Student: 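Here it is, the structure in full.
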Amino acid sequence: MPELPEVETVVRSLASTITGLTVRSHRISWAGTTRGTDPGLWKELCGREILRLSRRGKMILMEFTAGLTLLIHLKMTGQLLLVPGRKPRDKHTHFILRFAGRTDELRFRDVRKFGFVRCVRSDVLPGLREIRDLGPEPLELDFRSFGLIFKNKKGRLKSRLLDQKALAGIGNIYADEMLHRARLHPLTRAGSLREPELKRLWKSMRRVLREAIKHGGSSIRDFRDSSGAEGEFQVRHRVYGRERLPCPGCGLEIRRIKVGGRSSYFCAACQKKARRPARGRSRTV
DNA sequence: GCCACTGTTAGCAT
DNA sequence: CATGCTAACAGTGG
């Protein structure tokens, strides 16, 4: 569930509450969550201070003193929650960090167990596949570079938006939402976009992502920020999850199709495949 | 009970 | 190389 706006929301809510805290202890309840970590690093983490929280695509980076970093991915159902240590843990809480002088603790919950919390030495970060292979940040990309992402690409436009190596952080919800606002069909061939369509898409991408961040992301089912609060952007969705409901633009029923195996919601009237004008015909002599 | 579906993506097939 | 499909897991809803 968590895409760029949700991850950004978590990072912001955590940054203001745990930056500067010192690790007192950790607890691993399900080892799968910490896969990829050299087990020896955990004792090094104890006593270290949190220097900085940041986001790269959908990845969360928590930097500590002594050159250690926690790399966290929420995947589908992961949550990072700052809760009172007295609160009972449920069976989906897989990892916990406790801090010096604090009774509350940071818990990683993940119903589907796809997510991970990996501790690494900060200097290896740039070489890690999960970081190295990420495309540019959508909100830091100028229009010209944005256009090049689609040039000569054979696949579907929506699949390209979801490709983390092309653009980092866009997921199923926001791909559908930005396509609707840009009036583009999800099955459009990525390489068929021309300047006007690219401009609409670039502007829609920026508008949707920034608005979603402003509203704390979308809570369809599991998403919560670090205080447990839901996002508010789901009530502003125009197409995602709205099959058979009227399109806010024209009133026609929103349809659902599969694109690259992912559910895709769109309005068949507002979102036409970009049609290149037929050449060599209808010349007005 | 069974089946389809779910916000991600690594890994494999084509 | 580029692109497409599926499994990994657990829960929910029809």
Side-chain angles (χ1 to χ4, degrees), chain A residues 1-10 29-36 55-60 71-80 90-95 108-118 128-135 138 148-179 186-192 208-209 212-213 215-225 230-244 255-265:
Chain A
M1 86 219 247
E3 309 180 21
L4 188 156
E6 288 74 30
V7 177
E8 181 68 22
T9 297
V10 169
S29 309
W30 186 68
T33 285
T34 59
R35 61 190 177 272
R55 176 191 62 75
R56 180 74 177 91
K58 300 173 193 174
M59 301 270 348
I60 296 169
L71 194 62
I72 301 168
H73 200 305
L74 305 175
K75 290 290 180 90
M76 302 275 276
T77 54
Q79 300 174 331
L80 275 176
D90 70 357
K91 63 174 179 173
H92 302 301
T93 298
H94 307 309
F95 179 84
F108 180 81
R109 275 190 89 238
D110 187 9
V111 170
R112 291 179 74 175
K113 297 179 172 175
F114 292 169
F116 59 82
V117 177
R118 185 196 306 183
L128 291 184
R129 209 170 17 83
E130 287 87 346
I131 298 292
R132 192 213 333 135
D133 291 349
L134 288 176
L148 295 177
I149 289 172
F150 306 93
K151 195 174 179 183
N152 298 329
K153 290 295 176 272
K154 303 290 192 183
R156 305 298 184 175
L157 177 55
K158 176 169 175 182
S159 300
R160 192 71 183 145
L161 288 172
L162 292 177
D163 185 346
Q164 302 299 297
K165 294 187 280 305
L167 276 168
I170 296 172
N172 205 33
I173 294 175
Y174 297 101
D176 279 2
E177 292 297 319
M178 65 184 69
L179 284 170
L187 289 175
T188 307
R189 293 290 171 185
S192 74
V208 166
L209 294 178
I213 291 170
H215 292 278
S218 306
S219 293
I220 300 299
R221 165 165 274 162
D222 305 284
F223 175 68
R224 300 291 185 275
D225 73 8
E230 296 188 10
E232 306 285 351
F233 193 70
Q234 62 280 6
V235 304
R236 307 176 101 88
H237 290 174
R238 297 192 186 175
V239 288
Y240 183 82
R242 298 177 50 80
E243 187 180 17
R244 292 190 303 277
R255 292 177 46 198
R256 175 163 74 145
I257 60 174
K258 290 283 182 188
V259 179
R262 316 292 306 279
S263 266
S264 301
Y265 301 87

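In what follows, every chain begins at residue 1, and chains take the letters A, B, ... in the order their sequences are listed. Keep in mind the model is a prediction, meaning the values are calculated, not measured.
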Student: Are any of A:K75's side-chain N or O atoms less than 4.0 Å away from OP1 or OP2 of B:dT9?
Tutor: no
Student: Whole Å only: how far is the CG atom of A:L157 from the P atom of C:dA2?
Tutor: 18 Å
Student: Which one of A:Q234, A:E3, A:R236, A:H237 satisfies the side chain to side chain donor-acceptor pair (under 3.5 Å) criterion with A:S218?
Tutor: A:H237
Student: Does the side chain of A:F233 come within less than 4.5 Å of A:P5's, by heavy atoms?
Tutor: no
Student: Quick one: closest heavy-atom pair of A:L179 and A:K158, and the distance?
Tutor: CD1-CB, 3.9 Å
Student: Would you mind classifying the nucleic acid contact of A:D222 as base, sugar-phosphate or nothing, using non-hydrogen atoms under 4.0 angstrom?
Tutor: base
Student: In whole Å, what is the span from the CZ atom of A:R56 to the P atom of B:dT9?
Tutor: 13 Å
Student: Just the rounded figure in Å: distance from C1' of B:dT8 to CG of A:L4.
Tutor: 14 Å
Student: Set out, line by line, the N/O atom pairs under 3.5 Å between protein and nucleotides 11-14 of chain C.
Tutor:
unit_1, atom_1, unit_2, atom_2, d
C:dG11, OP1, A:K91, NZ, 3.0
C:dG11, OP1, A:H92, NE2, 3.2
C:dT12, O3', A:R221, NH2, 3.1

Student: For the residue pair A:T77 / A:R112, report whether a side-chain donor-acceptor contact shorter than 3.5 Å exists.
Tutor: no
Student: Whole angstrom is fine here: how far is it from CD1 in A:I131 over to P in B:dT9?
Tutor: 12 Å
Student: Pick the nucleotide of DNA chain B nearest each of A:S219 and A:E130; which residue has the one closer to the 5' end?
Tutor: A:S219
Student: Between A:K258 and B:dT6, is there a contact of a side-chain N or O with OP1 or OP2 at under 4.0 Å?
Tutor: yes
Student: Among B:dT8, B:dC5, B:dG11, find the nucleotide with the atom closest to the side chain of A:R129.
Tutor: B:dG11
Student: Could you check whether atom CZ of A:R244 has more than 12 heavy atoms from other residues, nucleotides or ligands sitting under 6.0 Å from it?
Tutor: no
Student: Salt bridge check, A:R160 against A:D163: does any charged N sit closer than 4.0 Å to a carboxylate O?
Tutor: yes
Student: Could you give the CG-to-C1' distance, from A:L128 to B:dA10, as a whole number of Å?
Tutor: 15 Å
Student: What's the closest nucleotide to the side chain of A:K113 if the choices are C:dT3, C:dA10, B:dT9?
Tutor: C:dA10
Student: Going by modelled atom types, is there a donor-acceptor pair between the base of B:dT8 and the side chain of A:R112 at under 3.5 Å?
Tutor: no
Student: Report the distance from atom CD1 of A:I173 to atom P of B:dT8, rounded to the nearest whole Å.
Tutor: 7 Å
Student: Is the distance from OP1 or OP2 of B:dT9 to the nearest side-chain N or O of A:H73 less than 4.0 Å?
Tutor: yes
Student: Within this structure, what is the CG-to-P distance between A:L162 and B:dT8, rounded to whole angstrom?
Tutor: 7 Å
Student: If you compare every side-chain N and O of A:R262 against the phosphate oxygens of B:dT8 (OP1, OP2), does one of them come in below 4.0 Å?
Tutor: yes
Student: Taking all non-hydrogen atoms of both residues, which atom of A:T33 and which atom of A:H94 are closest, and how far apart?
Tutor: OG1-CB, 3.1 Å
Student: Using heavy atoms to find the nearest nucleotide of DNA chain B for A:Q164 and A:Y265 separately, return the residue whose nucleotide is more 5′.
Tutor: A:Y265
Student: Using the side-chain heavy atoms of A:S263, tell me which of these nucleotides is nearest: C:dT3, B:dT6, C:dG4.
Tutor: B:dT6
Student: On the 0 to 90° scale, with breaks at 30° and 60°, tag the A:Y265-A:Y240 ring pair as parallel, tilted or perpendicular.
Tutor: perpendicular
Student: With respect to the phosphate group of C:dT3, does any side-chain polar atom (N or O) of A:R189 fall under 4.0 Å of OP1 or OP2?
Tutor: no
Student: Want to settle it: does A:N152 or A:F114 sit nearer the 5' end of DNA chain C, counting the closest nucleotide to each?
Tutor: A:N152
Student: Kindly indicate whether the side chain of A:L4, heavy atoms from C-beta on, has any atom under 4.5 Å from the side chain of A:R55.
Tutor: yes
Student: Taking the same atom, P, in C:dT12 and in B:dT9, what whole-Å distance lies between them?
Tutor: 23 Å
Student: Please determine if A:R109 and A:D90 form a salt bridge, counting it only when a charged side-chain N lies under 4.0 Å from a carboxylate O.
Tutor: yes
Student: Let's test your reading of the pairing rules: Watson-Crick or G-U wobble, both distances under 3.5 Å, then write DNA chain C as a dot-bracket string with ( ), [ ], | and dots.
Tutor: .|||||||.|||||
Student: Please name all residues satisfying side-chain contact (heavy atoms from CB on, under 4.5 Å) with A:R255, sequence neighbours left out, ordered by chain then number.
Tutor: A:I257, A:F266, A:A268
Student: Quick one: label A:G261 by what it contacts on the DNA or RNA (base, sugar-phosphate, nothing), any heavy atom closer than 4.0 Å.
Tutor: nothing
Student: Mind checking A:R35 for me? I need base, sugar-phosphate or nothing, with any heavy atom below 4.0 Å counting as a touch.
Tutor: nothing
Student: Please measure how far the P atom in C:dC9 lies from the corresponding atom in B:dC12, and state the result in whole Å.
Tutor: 16 Å
Student: A:F116 has an atom CZ; how far is it from atom C1' of B:dT8, in whole Å?
Tutor: 11 Å
